[in-house]
Structure formats: C-alpha cells, structure tokens
A.B. asks: 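Provided herewith is a single structure, encoded as structure tokens, for subsequent inquiry.
Positions are given from 1 along the sequence.
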Amino acid sequence: MSQKKKSYLELIRIIAVLLVIFNHTDGFVYYTVPGNILTHVYSLVLAIICRMAVPLFFMVSGALLLGKEESLSELFQKRIARMLIVLTVVSAFYYLFDVGTGRIDHPGAGDFIYRLLTNGIRDSFWFLYAYVGVLLLLPFFRKIAPFLDKKLILYLIALRVLTDLLVPALSLGVEVNVAFDFGFVGDYYYFMLLGYFLDKERQERTGKGKLLFVWLLLIGLSGGLTYGIKGISGSYHAISLDMLVFLSAPVTFAIIKRWMDRAVKREWAEKWILAVGSCTFGIYLFDNLLRRLFLPVYMFLSEKTAGILANSAYVVLTFLGGLAITWVLKKIPVIRKYL
C-alpha cells in the first residue's frame, strides 16, 4: 500500500475516533433539551455526523482487508486471536478498575467470565465483539470483493434505500410492520464492500465540489428528518440520525480520499497523520477511562462556559489523553503489536 493511500485511511480513522468520543458524551443529546441555539445546532449536526464513525471504521477495514490474501490459519492467528486477546485483557483492566472503585458488589473469576461473554463490562466494547464476527466471515467476502462493479454497488445502495428509508417510512408514517427480514443487508459488510470499492475507484469520476454539496445535503436532510419525526411522534428519535448514514459515510470517505490525493501535502504532516492514525485503536480502548478522568474538568467548564465549548474541550482532552497513553504503550514491543 502506498504512503499516499495509507495516509488518507489514517486520517479517516482519526476523524472517526473523534466522532466516537463525541458520541459517548452529553454533546450527543444537547439538541434534545432546551438551551443555547449554538449548542443546539452544534449538538444536532455532530450527532448526525458522529453516526458515521463506526461505518467509516468498517470502510477502512474493507479497504485494507478485503484485497489481502492470507490462509485461514493466518487469519485466526494474526487477526482473530489478536482481537480476542485485546478484548480479554482490556476487559480485565476495566473489571479490576470497577472492583477497585466499588462498582461491582460480588467480584470473582466467574463473574468476570460471565460479563466478558455478555459484553457486561463496557457497552462501547460491542464494536470488538462485532469485529470478531466480521473477521470470521472475511474469507467469504474476499471472494466477492474482486468482482464488484458499479452496477453491483448501485444495487447494494438501492437495497439500503429500501431497508433504511422506505421500510422505516412505512413503519412511522402509516404504521405498517413490514414482514420481510432484511437483517444481513444492513450489516457491516455493506460498508466494508463500499470501502473496498471506493478505495479502488479512479479519482476523476466525481469532483470534490459535487461530493461536498451531496454531503451537506445529506446532513441537512438528516436534520429535517429529525424534526419531522419529532413532529409526528412528539419526541426525538435516534432513528432519524441513522437513516442516511448508508449514503453519508461513503460520501465522507470519498471526500477525504480525494482531498488527500489532490491536496498539496507536506512530508511532516503526512508523518503525523500516519503516527496519530496508528494510535486510534488505543484511543478507543481508553476512551471510557479518560472520559471519567476528565469529567470534573467537563463539569467545571459546563458551569463557566457554553455547552459547545465545554463539550469540545472534553472531547479533545479525551482524545489527547488516549493518544499520549497509546503512544507510550506502543514503545513496548509486546504491547505494540496489539495496539
């Protein structure tokens, strides 16, 4: 993989992990309560954008993994075993942390194993469990990916229009419960296949200006859906934030790719992007711990400043703290290959 391609994928990872951190803060729900108009707009727009975080991660995985050739033993040893070890070790760390802070009444090996098997230690670790499942199916989709063409991609998107727009519209608007099970269509391989396809796409097909217009349109439509659903139901629903992600995430991916490919780049900037991008997995793992650590700062800033400033500082502090910890840990050879 070229340095150029790698840098754009790492930039997407950096943006995605910042969105993940925001999604775990109060900023995600500010728009649902009365408050300052700037904080309301800030919260709503970022609440819409942050729903792209996990899809972007899976698109990067698709770009990196679907074109690789490796045996089943290599897949299990290099990827699945690594992810299971990380999940177990980090879960044990948080479990001991909860025991030490009195959050677990009856600690023990059996309790830990039960919580580990049921994702009962940190809700945000659902991503690790899902990623293991994705890796298990990876050999099948590696056979599919090379045969993707524009028609198949458009067909795949059309299926998501059906499942993410038309079916929810029927359910909300006229209260029709559609009986078809579209479960697999909406799974993570939709984004992995799109990530693989867009990564291989030739650059001259669509200009950045048109893509940016489409991106802004999708954000605006998501905001309109949010208010429209609230008008129908009387309350805000997270479903409105997700309905257009199947389009907005790929458009975001394409915009960043083309910006990185065409922008005038400096060598030092690319090096920093690659270095920080390599730490995003660790930042995600330590997000919960650092948000708790910086919570007093967030509460203080919330009282002294506007919510938009307090939340922004909270997200940045958590990101920088995770970056610092991961950077140090990656200096240790045994740990580096897992982070």
A.B. asks: Provide the closest heavy-atom pair for Leu66 versus Ala145 in the form atom of the first, atom of the second, distance.
C.D. replies: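 Leu66 and Ala145 have their closest heavy atoms at CB-CB, 4.0 Å.
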A.B. asks: side-chain contact (heavy atoms from CB on, under 4.5 Å), that's the test. Do Thr25 and Thr318 meet it? Break it down for me.
C.D. replies: CA-CA 11 Å; Thr25 69; Thr318 302; over 6 Å; no
A.B. asks: With the threshold set at 4.0 Å, does a side-chain nitrogen-carboxylate oxygen contact exist between Arg79 and Glu70?
C.D. replies: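 Looking at Arg79 and Glu70, the cut-off is met.
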A.B. asks: Search all heavy atoms of Ile283 against all heavy atoms of Gly322 and return the closest pair with its distance.
C.D. replies: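 Closest heavy-atom pair between Ile283 and Gly322: CG1-C, 3.6 Å.
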A.B. asks: Answer whether the closest heavy-atom distance between the side chains of Phe294 and Leu320 falls below 4.5 Å.
C.D. replies: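 They are not in side-chain contact.
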A.B. asks: Check whether any side-chain heavy atom of Leu152 lies under 4.5 Å from a side-chain heavy atom of Phe197, and answer yes or no.
C.D. replies: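 Of all side-chain heavy-atom pairs linking Phe197 with Leu152, none is under 4.5 Å.
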A.B. asks: What closest approach, in Å, do Met260 and Ser7 show between heavy atoms, and which atom pair accounts for it?
C.D. replies: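 In terms of heavy atoms, the two residues are closest at CE-OG, 3.3 Å.
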A.B. asks: Under the 3.5 angstrom rule, does the side chain of Tyr338 hit a backbone N or O of Ile85 as a donor-acceptor pair?
C.D. replies: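 No, Tyr338 side chain to Ile85 backbone: no donor-acceptor pair under 3.5 Å.
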A.B. asks: Side-chain contact test, heavy atoms from C-beta onward, threshold under 4.5 Å: evaluate it for Ile273 versus Tyr8 and give yes or no.
C.D. replies: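 No, too far: nothing below the 4.5 Å cut-off.
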A.B. asks: Would a 4.5 Å heavy-atom cut-off, applied to side chains only, mark Leu293 and Leu289 as touching?
C.D. replies: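 No, side chains not in contact.
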A.B. asks: Measure the NZ-CE distance between Lys257 and Met59 for me, rounded to the nearest 0.5 Å.
C.D. replies: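 The CE atom of Met59 is 11.0 Å from NZ of Lys257, to the nearest 0.5 Å.
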A.B. asks: For Thr326 and Leu285, what are the C-alpha separation, side-chain angles and deciding distance, and is it a side-chain contact (heavy atoms from CB on, under 4.5 Å)?
C.D. replies: CA-CA 9 Å; Thr326 306; Leu285 294 175; over 6 Å; no
A.B. asks: Can you give me the closest heavy-atom contact between Gly27 and Asn311, atom names plus distance?
C.D. replies: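 Heavy atoms of Gly27 and Asn311 come nearest at N-ND2, 3.1 Å.
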A.B. asks: To the nearest 0.5 angstrom, please state how far the CG atom of Leu56 sits from the CG atom of Leu11.
C.D. replies: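 Answer for the CG-CG pair, Leu56 versus Leu11, is 10.5 Å.
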A.B. asks: Between Ser43 and His40, is there a donor-acceptor pair closer than 3.5 Å when you use the side chain of the first and the backbone of the second?
C.D. replies: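 Not at all, since once roles are kept as given, no pair shorter than 3.5 Å links the two residues.
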A.B. asks: So Tyr196 and Leu65, do their side chains get closer than 4.5 Å, heavy atoms only?
C.D. replies: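 No, too far: nothing below the 4.5 Å cut-off.
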A.B. asks: Look at the side-chain heavy atoms of Ile, Leu, Val, Met, Phe, Trp and Tyr, link any pair under 4.5 Å apart, and say whether Leu96 and Ile121 land in one connected group.
C.D. replies: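 Shared cluster, no.
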A.B. asks: Are Phe28 and Tyr227 connected in the hydrophobic side-chain network, where two residues link if heavy atoms are under 4.5 Å apart?
C.D. replies: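 Yes, it is one cluster - the side chains of Phe28 and Tyr227 are joined through contacts under 4.5 Å.
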A.B. asks: Could you go through Met192 and Val134, starting from their C-alpha distance and side-chain angles, then the distance that decides it, and tell me whether this counts as side-chain contact (heavy atoms from CB on, under 4.5 Å)?
C.D. replies: CA-CA 10 Å; Met192 291 189 71; Val134 164; 3.2 Å; yes
A.B. asks: According to a 4.5 Å side-chain heavy-atom criterion applied to Ile, Leu, Val, Met, Phe, Trp and Tyr, with indirect links allowed, do Leu117 and Phe93 form part of one hydrophobic cluster?
C.D. replies: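 Yes, same cluster.
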A.B. asks: Please examine the side chains of Met52 and Leu218, heavy atoms only from C-beta on, and report whether any two atoms are closer than 4.5 Å.
C.D. replies: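 No, their side chains stay 4.5 Å or more apart.
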A.B. asks: In Å, rounded to the nearest 0.5 Å, how long is the span from CG of Asp123 to CG of Asn288?
C.D. replies: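 One gets 9.0 Å once the value is rounded to the nearest 0.5 Å.
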A.B. asks: Once the angle between the rings of Phe58 and Phe127 is folded into 0 to 90°, is it parallel (under 30°), tilted (30 to 60°) or perpendicular (over 60°)?
C.D. replies: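 Tilted, since the angle between the ring planes falls between 30° and 60°.
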A.B. asks: Kindly check if the number of other-residue, nucleotide or ligand heavy atoms within 6.0 Å of CH2 (Trp272) is above 12?
C.D. replies: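 No, CH2 of Trp272 has 12 or fewer neighbouring heavy atoms, counting only those of other groups under 6.0 Å.
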A.B. asks: Applying the ring-ring contact (aromatic ring centres under 6.0 Å, His included) criterion to Phe141, which one of Phe191, Tyr189, Tyr190 satisfies it?
C.D. replies: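 In the set Phe191, Tyr189, Tyr190, the residue that makes a ring-ring contact (aromatic ring centres under 6.0 Å, His included) with Phe141 is Tyr189.
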A.B. asks: Looking only at heavy atoms, what is the nearest atom pair of Leu194 and Pro250, with distance?
C.D. replies: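 Looking at all heavy atoms of both residues, the shortest contact is CD1-CG, 3.5 Å.
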A.B. asks: Whether the side chain of Tyr298 engages the backbone of Arg291 through a donor-acceptor N/O pair (distance < 3.5 Å, no angle test) should be reported.
C.D. replies: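 Such a contact is absent between Tyr298 side chain and Arg291 backbone.
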A.B. asks: When rounded to the nearest 0.5 angstrom, what is the spacing between OG in Ser240 and CG in Leu221?
C.D. replies: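 Going from the OG atom of Ser240 to the CG atom of Leu221 covers 12.0 Å.
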A.B. asks: Is there a side-chain contact (heavy atoms from CB on, under 4.5 Å) between Leu329 and Ile332 once you walk through the steps?
C.D. replies: CA-CA 6 Å; Leu329 290 176; Ile332 304 172; 4.3 Å; yes
A.B. asks: For atom CG of Asp149, decide whether the heavy atoms of other residues, nucleotides or ligands shown that lie under 6.0 angstrom number more than 12.
C.D. replies: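 Count over threshold, so yes.
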A.B. asks: Pick out which of Thr163, Ile157, Leu156 makes a side-chain contact (heavy atoms from CB on, under 4.5 Å) with Arg160.
C.D. replies: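 Between Arg160 and the candidates, side-chain contact (heavy atoms from CB on, under 4.5 Å) is satisfied uniquely by Thr163.
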A.B. asks: Spell out, as yes or no, whether a donor-acceptor pair under 3.5 Å connects the side chain of Ser61 to the backbone of Phe57.
C.D. replies: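 Flag set: sc Ser61 to bb Phe57 pair under 3.5 Å.
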A.B. asks: Which distance, rounded to the nearest 0.5 Å, do you find between the CD1 of Ile80 and the CG of Leu75?
C.D. replies: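 Atom-to-atom, Ile80:CD1 and Leu75:CG are 4.0 Å apart.
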A.B. asks: Mind checking whether Leu244 and Ile48 have side chains closer than 4.5 Å, heavy atoms only?
C.D. replies: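 They are not in contact (no side-chain heavy atoms under 4.5 Å apart), so the answer is no.
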A.B. asks: Mind checking whether Tyr42 and Phe22 have parallel, tilted or perpendicular rings, split at 30° and 60°?
C.D. replies: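 Geometry flag for Phe22 against Tyr42: perpendicular rings.
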A.B. asks: Test ring pair (Phe, Tyr, Trp, His ring centres under 6.0 Å) on Phe286 and Tyr94; report intermediate values, then the result.
C.D. replies: CA-CA 10 Å; Phe286 294 114; Tyr94 277 108; 7.6 Å; no
A.B. asks: Cationic tip of Arg115 within the cone over Tyr95's six-membered ring, i.e. under 6.0 Å and within 45° of the normal?
C.D. replies: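 No, Arg115 and Tyr95 do not form such a contact.
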A.B. asks: Thinking salt bridges, do Arg122 and Asp287 make one under a 4.0 Å N-O criterion?
C.D. replies: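 No salt bridge links Arg122 with Asp287.
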A.B. asks: Are Leu136 and Phe76 packed together at the side-chain level, in the sense that at least one heavy-atom pair is separated by less than 4.5 angstrom?
C.D. replies: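 A side-chain contact exists here, since the closest heavy-atom pair is under 4.5 Å.
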A.B. asks: Under 3.5 Å, is there a donor-acceptor pair between the side chain of Ser222 and the main chain of Leu241?
C.D. replies: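 A pair under 3.5 Å: no.
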A.B. asks: Applying the 4.5 Å side-chain criterion to the ILVMFWY set and letting contacts propagate, would Phe147 and Ile153 be lumped into a single cluster?
C.D. replies: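 Hydrophobic grouping puts Phe147 apart from Ile153.
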A.B. asks: Might you point out which heavy atoms bring Gly195 and Ala63 nearest each other, and give the distance in Å?
C.D. replies: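 Taking Gly195 first and Ala63 second, the nearest heavy atoms are O-CB, 3.8 Å.
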A.B. asks: Hey, quick one: are Ile335 and Leu87 part of the same hydrophobic cluster, counting side-chain heavy atoms closer than 4.5 Å, chains of contacts allowed?
C.D. replies: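 Yes, because Ile335 and Leu87 connect within a single hydrophobic cluster, where side-chain heavy atoms sit under 4.5 Å apart.
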A.B. asks: Any chance you could measure Leu18, atom CG, to Asn23, atom CG, to the nearest 0.5 Å?
C.D. replies: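 With rounding to 0.5 Å, CG (Leu18) is 12.5 Å from CG (Asn23).
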A.B. asks: Counting only heavy atoms from other residues, nucleotides and ligands, does the tally under 6.0 Å from OH of Tyr129 exceed 12?
C.D. replies: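 Enclosed: over 12 neighbouring heavy atoms sit under 6.0 Å from OH of Tyr129.
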